Protein chains: 2
Amino acid sequence: MTETTATIRDVASRAGVSVATVSRLVNNTGKVSEETAKFVRAAIRDLGFRPNAVGRSLSTSHTRSLGVVIPSLSNPVFADAVAGINAEARARGYTLMFTSTDYSPDDEVRTIGTLLDYRVDGVILTIADPMNNAALEILDSAGVPCILIYNLPSASEHPTVTVDNVAAGREVAQTLIGLGHQRLGMVSGSFAASDRAVARCDGFVDGVVGRGLPAPLILEVDFVDPNVEEALVPIYADRATAPTALFCSNDLLAISVIGVLGRMGLDVPKDVSVIGFDGIAVGTHLHPTLATVIQPSHEMGRVATQQLLDRLAGKESPITKILPHTYRPGESAGPAPS
Amino acid sequence: MTETTATIRDVASRAGVSVATVSRLVNNTGKVSEETAKFVRAAIRDLGFRPNAVGRSLSTSHTRSLGVVIPSLSNPVFADAVAGINAEARARGYTLMFTSTDYSPDDEVRTIGTLLDYRVDGVILTIADPMNNAALEILDSAGVPCILIYNLPSASEHPTVTVDNVAAGREVAQTLIGLGHQRLGMVSGSFAASDRAVARCDGFVDGVVGRGLPAPLILEVDFVDPNVEEALVPIYADRATAPTALFCSNDLLAISVIGVLGRMGLDVPKDVSVIGFDGIAVGTHLHPTLATVIQPSHEMGRVATQQLLDRLAGKESPITKILPHTYRPGESAGPAPS
DNA sequence: ACTATGAATGTAACCGGTTACATCACGAAT
DNA sequence: ATTCGTGATGTAACCGGTTACATTCATAGT
C-alpha cells in the first residue's frame with residue numbers, strides 16, 4: 001500500500017520512453033504519437049503517477065499557489081472573502097496558502113516573508129494600512145504581484161477590491177438623519193488597524209456635519225477584544241445627551257452594541273438606533289434584524305482572485321475595483337425617540 | 001529593486017566558501033568556525049538571502065506545510081478551528097494549505113489529491129463521514145499522517161479531536177425535559193453530510209425516549225442552503241401538536257429557526273424553546289441569547305495541530321481526544337408553556 | 001617521530017520535474 | 001539524387017537546496 005510514489009522516471013522506464021516524452025504528454029506540450037501515448041498512459045495508470053508539484057515548481061519557478069493574508073477569521077466578513085477566493089482559485093487550478101495576522105503589522109511582514117519563501121505566485125491580502133506598509137514593500141521588491149481587498153485605494157498604487165467606504169458612511173449618516181436623529185455616534189474598531197474604519201468614519205462625520213448637525217461622538221474600541229460595555233456605559237449614564245443613533249464600523253461590533261444597550265435597559269430601536277457595516281448573514285436572523293451596509297464579500301474575494309490570476313496568465317494587470325454596496329434596512333434602525 | 005533573489009550558491013561564492021558550509025550555517029547542522037560564519041552571515045545579509053523553500057522541500061522531501069480541509073468557512077465554528085490551527089502551526093513554523101469542500105465528498109478527494117501533489121507533511125480535516133471515506137484511503141495509501149476534527153471516533157482507526165456528541169445530545173434532551181417540555185423536535189443539517197449531526201440526534205432521541213416520552217420529531221435540512229421556513233411552517237400550522245422545544249444541530253441553524261419562529265408569530269422562549277450547538281460567539285449577543293452546547297473549536301484546532309506536529313517530529317502518534325463540552329444556558333430555552 | 005582523532009571544509013550526487021537542443025526517419029520539393 | 005521540412009523522440013543540463021563522503025590540517029597520545 002505504502003509504495004513510494006512513482007516519479008516521472010519510473011513512468012518513463014516502464015513505458016519504455018524518455019522522461020521528456022512523459023512530460024510532454026502530461027502537460028500537453030509538444031507532440032507525442034498516439035501509439036506511444038497509449039503506453040505512457042498505461043504506465044501512468046499502473047503506477048498511479050501524479051507529478052510532484054514541488055519538483056515542477058522548482059524547475060518552472062512558479063507554484064500555482066496564492067498567498068492569502070487576512071486579519072482574522074473570527075469576522076465572517078473575511079471568512080466569506082476567503083470562501084470567494086477559494087472558489088475562484090480552485091476553479092482555475094490554484095491552491096491557497098493561508099494565514100491570519102490578528103491585525104498585527106509584525107505578523108504581516110513575517111507571514112509575507114514565509115509566503116515568499118514558498119514562492120507563491122501572487123498574494124491577496126488585507127492589511128492595517130496600505131500607506132507605507134512594510135509587507136507591501138517586501139512584496140514589491142520581490143516582484144510578486146498582489147492585490148488588496150477591503151483596503152482603500154491609496155497613493156501606494158496597489159490595486160484593491162473594495163467598496164466606497166466614505167460614500168457608505170455618508171449614506172448611513174443621511175439615513176439616520178432622515179429618521180429624525182440629531183445626536184449621533186460612531187463605535188469603531190481601532191483606526192490604526194483599519195483604514196476602512198477610518199474612511200467609514202470620515203464619510204459619516206462628513207454626512208453629519210454637512211447637514212449642520214454637531215459632530216458625532218466617536219468611540220474607538222479594540223478589534224480583537226472590543227470592550228463595548230466599558231465604552232458605552234459612561235456615555236449612556238446621561239441618556240438626555242447620549243446619541244440616539246449609533247453607526248458601528250462592522251456588524252460584529254453592532255451586534256455587541258445592541259446586546260450591551262439591551263442589558264443597560266435601552267431598547268433598540270425605540271431608544272437607540274444601530275446600523276452596522278458588512279452585511280454578514282447572521283444579521284438578518286437577529287431580533288431586531290440588523291440594519292447594515294452590505295459589502296459583497298464573497299464577490300470581492302472572487303474578483304480579486306480573478307484579477308490576480310489574469311495577471312499571472314499574462315493578461316492585464318489588476319486595477320482597483322470599487323464594487324457596489326447596498327444599504328439593508330433592518331429593525332435596528334428606527335425613528336428617533338421624541 | 002527587483003534583483004533576482006539570491007541563491008545559496010551566490011552566497012557561497014560571495015563569502016568565498018562552499019554551498020555546504022552555507023547550508024550548515026543556515027540550518028545549524030554541522031560545524032562551522034566562527035571566523036567563516038562571520039563572512040557567510042555578511043554575505044547573507046548583503047544579498048538578502050532567504051532559502052528557497054521549494055528547493056529545500058525537494059531535497060528533504062518534507063515541506064513544513066499542513067493541509068487543512070473543512071466543509072465551509074461560512075460556519076464560524078470551522079473558522080474558529082482554522083484560527084486555532086493557524087495559531088499552533090505558525091508557532092511551530094508550519095504553513096497552511098487551505099481548502100473548503102462545501103460538504104461535497106467529490107471535492108474532498110479532489111482537494112486531498114492536490115494537497116498530496118504539493119507534498120504537505122500532514123492533513124487536518126473534517127469530512128462528511130469517516131467510515132469508508134475515499135479521501136482518508138488516499139491519505140493512508142500515500143502514507144501521509146492526518147487527524148480529523150469534529151468527526152466522530154470511528155472504526156476507521158483515524159484519530160479525531162472532538163467532543164462527546166452523543167452525550168451532549170442526551171444532555172440537551174434532559175435539560176429540555178427538565179424545563180417541562182414534552183413534545184420535542186430536532187432540526188438538523190443533512191445527516192449524510194455530517195456524522196456529528198447524526199450523533200447529536202442519536203443522543204437526543206435516546207435522552208427523550210429514555211425518559212418515556214414519545215420520540216422527537218426530526219427535521220432534516222440542507223447545509224448549504226437550509227430552507228428552515230419550508231420545514232417549520234407545516235409543523236407549526238397546528239400549534240397544539242407541534243414541539244414546544246427544538247434542538248438544532250448547530251447554532252447557525254438555531255439562529256435561523258428563532259428568526260423563522262418569530263416571523264410566524266411565535267415567541268422564543270415563551271412559545272417555543274430553542275437550543276443550538278457549537279457555542280459560536282455571536283450567540284451571546286443575540287436577543288434572546290442563545291442556549292447552546294459549547295465546543296472548544298479554537299482549542300480543538302490547536303490540539304489537533306499539536307498532535308499532528310508531534311507526530312511529524314517523531315513523537316507519539318495522534319490519538320483521539322474527546323474535549324469537554326459545556327452547556328451554556330441562554331434566554332432561548334425556557335420553561336414549557338402551560 | 002608517528003599515528004589516531006576530530007574539527008572545518010569542499011565536491012558532487014541527488015530530490016523530481018522541465019525543456020533547449022540534438023537526432024533520426026520519412027516524404028515532398030527541386 | 002539531394003535537400004529540406006516536419007514529426008517523434010531522446011539526452012542532459014538546470015531549478016535551489018541538502019548531505020554523504022572525501023579531504024585537509026592541527027593537535028593529542030604513545
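Model, not experiment: these values are computed from the prediction. Chain A is the first sequence line, chain B the second, and so forth, proteins listed ahead of strands; every chain is numbered from 1.
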Is the closest side-chain heavy-atom distance between B:T5 and A:R119 below 4.5 Å? yes
I need the A:N52 CG to A:I8 CD1 distance, nearest 0.5 Å. 10.5 Å
Taking [atom1] from [X] and [atom2] from [N], how many angstroms apart are they, rounded to a whole number?
X: A:R9; N: C:dC15; atom1: CZ; atom2: C1'; answer: 9 Å
X: A:L58; N: D:dG17; atom1: CG; atom2: P; answer: 9 Å
X: A:H62; N: C:dT19; atom1: NE2; atom2: P; answer: 8 Å
X: A:I8; N: C:dC14; atom1: CD1; atom2: P; answer: 18 Å
X: B:D10; N: D:dG17; atom1: CG; atom2: C1'; answer: 13 Å
X: A:Y118; N: D:dC15; atom1: OH; atom2: P; answer: 22 Å
X: A:N27; N: C:dG17; atom1: CG; atom2: C1'; answer: 9 Å
X: A:L25; N: C:dG17; atom1: CG; atom2: C1'; answer: 15 Å

Electrostatic pair A:D310-A:R92, nearest N-O below 4.0 angstrom: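 The answer is yes: the pair qualifies as a salt bridge.
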Could you tell me whether B:T7 contacts a base, only the sugar-phosphate backbone, or nothing, with contacts defined as non-hydrogen atoms closer than 4.0 Å?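 Counting heavy atoms under 4.0 Å across all strands, the contact made by B:T7 is with sugar-phosphate only.
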Could you tell me whether the phosphate oxygens of D:dT18, OP1 or OP2, come under 4.0 Å of any side-chain nitrogen or oxygen in B:R56? yes
Using modelled atom types and a 3.5 Å cut-off, is there a donor and acceptor pairing between side-chain atoms of A:D129 and backbone atoms of A:M131?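 Yes.
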Look at the side chain of B:D10 and the backbone N and O of B:T7, then say whether any donor-acceptor pair between them is shorter than 3.5 Å. yes
Atom pairs under 3.5 Å, N or O on each side, protein against nucleotides 7-10 of chain C: can you list them with distances?
unit_1 : atom_1 : unit_2 : atom_2 : d
C:dT9  : OP1    : B:S33  : OG     : 3.1
C:dT9  : OP1    : B:T36  : OG1    : 2.2
C:dT9  : OP2    : B:S33  : N      : 2.8
C:dT9  : OP2    : B:T36  : OG1    : 3.1
C:dG10 : OP2    : B:S18  : N      : 2.7
C:dG10 : OP2    : B:S18  : OG     : 3.1
C:dG10 : OP2    : B:T21  : OG1    : 2.7
C:dG10 : N7     : B:R24  : NH2    : 3.0
C:dG10 : O6     : B:R24  : NH1    : 3.3

Is the closest side-chain donor-acceptor distance between B:Y103 and B:S194 under 3.5 Å?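 Checked: B:Y103/B:S194 side chains show no N/O donor-acceptor pair below 3.5 Å.
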